> 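Provided herewith is a single structure, encoded as structure tokens, for subsequent inquiry.
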Amino acid sequence: MASLLKAVAAASGAVGLFSRLQTSPPKVKALSTSQSSHQVAGPVWNLGRLNHVAIAVPDLEKAKAFYENVLGAQVSEVVPVPEHGVSVVFVNLGNTKMELLHPLGNDSPIAGFLQRNKAGGMHHVCIEVDDINAAVMDLKEKKIRILSEDPKIGAHGKPVIFLHPKDCGGVLVELEQA
């Protein structure tokens, strides 16, 4: 009899759980674009296209030769960017680019990355924005960590900022002025 009572209690508990799982989801009220445009707080800025995917490489000349000679890609010359502690090579892919990164000295953030990733690997993605200053102000208000106080000039000669990977789904994101 005790086992029968346990079975009934377990079944009724399962039925209760099942009925709670079957409740309908809450209704979401949609806002029209005319309503939401009046509710925008702070500066307005927009994301643009993917500018590049950056890959840290332990041997820049070897990586450059692979993309140029094996894959037949158009690649730039090596460009030192001392402000960011790197040398870069851009691989033109038509609709976007890849940026091959190599450290300029031991203090480079890429040197630390390569110590943890001996074979290299994807370092960051770069997305263009139409107003980098508005983006900085807005992201700071939203408590998104920016890795420098102000934009710096990047490898393309345009202002850039980097967003903390922990705030961006685990990916280091660079925003570049379009």
Side-chain angles (χ1 to χ4, degrees), residues 37 40-178:
S37 66
V40 173
V44 178
W45 58 280
N46 296 297
L47 283 178
R49 71 181 189 92
L50 174 67
N51 184 284
H52 65 266
V53 174
I55 300 171
V57 297
D59 184 332
L60 192 56
E61 288 300 326
K62 184 177 177 182
K64 179 180 188 261
F66 170 76
Y67 286 100
E68 189 171 36
N69 301 330
V70 176
L71 297 182
Q74 178 186 7
V75 300
S76 74
E77 292 302 315
V78 175
V79 177
V81 186
E83 304 82 42
H84 293 276
V86 295
S87 290
V88 300
V89 168
F90 285 100
V91 179
N92 187 345
L93 300 174
N95 62 344
T96 192
K97 296 179 282 297
M98 287 187 356
E99 178 183 46
L100 306 178
L101 301 168
H102 188 74
L104 264 178
N106 294 331
D107 293 336
S108 168
I110 300 304
F113 181 89
L114 288 172
Q115 286 174 353
R116 294 183 305 277
N117 305 278
K118 299 290 185 208
M122 192 186 96
H123 185 261
H124 68 268
V125 297
C126 177
I127 305 169
E128 294 177 359
V129 295
D130 63 348
D131 187 337
I132 193 124
N133 294 319
V136 168
M137 288 177 17
D138 185 48
L139 292 167
K140 283 182 179 180
E141 284 179 19
K142 293 175 178 172
K143 306 290 188 228
I144 302 299
R145 290 173 279 184
I146 299 173
L147 300 183
S148 62
E149 251 333 281
D150 296 306
K152 296 180 180 181
I153 300 302
H156 294 114
K158 298 177 179 180
V160 300
I161 59 168
F162 286 88
L163 308 180
H164 199 291
K166 289 183 179 176
D167 296 340
C168 302
V171 176
L172 179 63
V173 174
E174 177 184 20
L175 299 180
E176 177 180 279
Q177 177 67 50

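Computed from a predicted structure; not experimentally measured. Index from 1, following the sequence.
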> For the CG atom of L172 and the CG atom of L163, what is their distance to the nearest 0.5 Å?
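One gets 8.0 Å once the value is rounded to the nearest 0.5 Å.
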
> To check you understand the geometry: which heavy-atom pair defines the closest contact between I110 and A56, and what is its length?
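Where I110 meets A56 most closely, the heavy atoms are CG2-CB, 4.0 Å.
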
> Quick one: does T96's side chain get under 4.5 Å of V53's, heavy atoms only?
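T96 vs V53: side chains apart.
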
> Kindly say whether S108 contributes a backbone atom to a donor-acceptor pair with the side chain of H84 at under 3.5 angstrom?
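Such a contact is absent between H84 side chain and S108 backbone.
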
> Can you tell me how far CH2 of W45 sits from CG of L139, rounded to the nearest 0.5 angstrom?
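With rounding to 0.5 Å, CG (L139) is 4.5 Å from CH2 (W45).
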
> Of all heavy-atom pairs between A111 and P103, which one has the smallest distance, and what is that distance?
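Scanning both residues completely, I find the closest heavy atoms to be N-CB, 3.6 Å.
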
> Atom CD in Q177, atom CD1 in I161: separation rounded to 0.5 Å?
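Here the rounded value is 10.5 Å.
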
> Would you say S76's side chain and F90's backbone share a donor-acceptor pair under 3.5 angstrom?
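Checked: pair present.
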
> Under a 4.5 Å cut-off applied to non-hydrogen side-chain atoms, are L147 and H164 in contact?
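The answer is yes; the side chains approach within 4.5 Å.
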
> Where is the tightest heavy-atom contact between C168 and V173, given as atom of each residue plus distance?
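Between these two residues, the closest heavy atoms are CB-CG2, 3.8 Å.
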
> Which heavy atom of M122 sits nearest to which heavy atom of V125, and what is that distance?
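Result for this residue pair: CE-CG1, 4.2 Å.
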
> As a test of understanding, state which of H123, H102, H124 forms a ring pair (Phe, Tyr, Trp, His ring centres under 6.0 Å) with F113.
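Per the ring pair (Phe, Tyr, Trp, His ring centres under 6.0 Å) rule, the option paired with F113 is H123, out of H123, H102, H124.
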
> Compare every heavy atom of L175 with every heavy atom of A135, then report the nearest pair and how far apart it is.
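For A135 and L175, the tightest heavy-atom pair comes out as CB-CD1, 4.5 Å.
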
> Verify side chain to side chain contact (heavy atoms under 4.5 Å, CB included) between K143 and D167, making sure each step is shown before the conclusion.
CA-CA 9 Å; K143 306 290 188 228; D167 296 340; over 6 Å; no

> If you draw a 6.0 Å radius around CG in N69, do more than 12 non-hydrogen atoms from other residues or ligands fall strictly inside?
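Result for CG/N69: enclosed.
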
> Are K97 and H156 side-chain neighbours, meaning at least one heavy-atom pair lies under 4.5 Å?
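Yes; the side chains approach each other to less than 4.5 Å.
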
> Looking only at heavy atoms, what is the nearest atom pair of L104 and V86, with distance?
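Minimum heavy-atom contact is CD1-O, 3.2 Å.
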
> With a 4.5 Å heavy-atom cut-off, do V136 and D150 have their side chains touching?
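The answer is no, as the side chains (C-beta and beyond) never meet within the 4.5 Å cut-off.
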
> Does V129 reach the side chain of L47, with side-chain heavy atoms less than 4.5 Å apart?
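A side-chain contact exists here, since the closest heavy-atom pair is under 4.5 Å.
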
> Counting neighbours of NZ on K140 that are heavy atoms of other residues, nucleotides or ligands and sit closer than 6.0 Å, is the number greater than 12?
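Enclosed: over 12 neighbouring heavy atoms sit under 6.0 Å from NZ of K140.
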
> Check step by step if side chain to side chain donor-acceptor pair (under 3.5 Å) holds for H52 and E174.
CA-CA 9 Å; H52 65 266; E174 177 184 20; 3.2 Å; yes

> So do V79 and S87 actually touch side chain to side chain, heavy atoms under 4.5 Å?
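No, side chains not in contact.
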
> When you measure from the side chain of Q74 to the backbone N and O of N92, does any donor-acceptor pair fall under 3.5 Å?
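Such a contact is absent between Q74 side chain and N92 backbone.
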
> Strictly distance-based, threshold 3.5 Å: is any side-chain N or O of N46 a donor or acceptor partner for the main-chain N or O of D130?
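Not confirmed, N46 side chain does not pair with D130 backbone.
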
> Drop me the distance from N51's CG to K158's NZ, to the nearest 0.5 angstrom.
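The CG atom of N51 sits 7.0 Å away from the NZ atom of K158.
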
> How about CD on E83, more than 12 heavy atoms from neighbouring residues, nucleotides or ligands closer than 6.0 Å, or not?
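Atom CD in E83 is crowded, with more than 12 foreign heavy atoms closer than 6.0 Å.
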
> With heavy-atom distances below 4.5 Å as the criterion, would you say the side chains of V57 and F66 are in contact?
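The answer is no, as the side chains (C-beta and beyond) never meet within the 4.5 Å cut-off.
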
> Has the side chain of N117 got a donor or acceptor atom that lies under 3.5 Å from a matching backbone atom of A119?
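Such a contact is absent between N117 side chain and A119 backbone.
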
> Could you grab the distance from atom CZ of R116 to atom NZ of K118, nearest 0.5 Å is fine?
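That separation rounds to 10.0 Å.
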
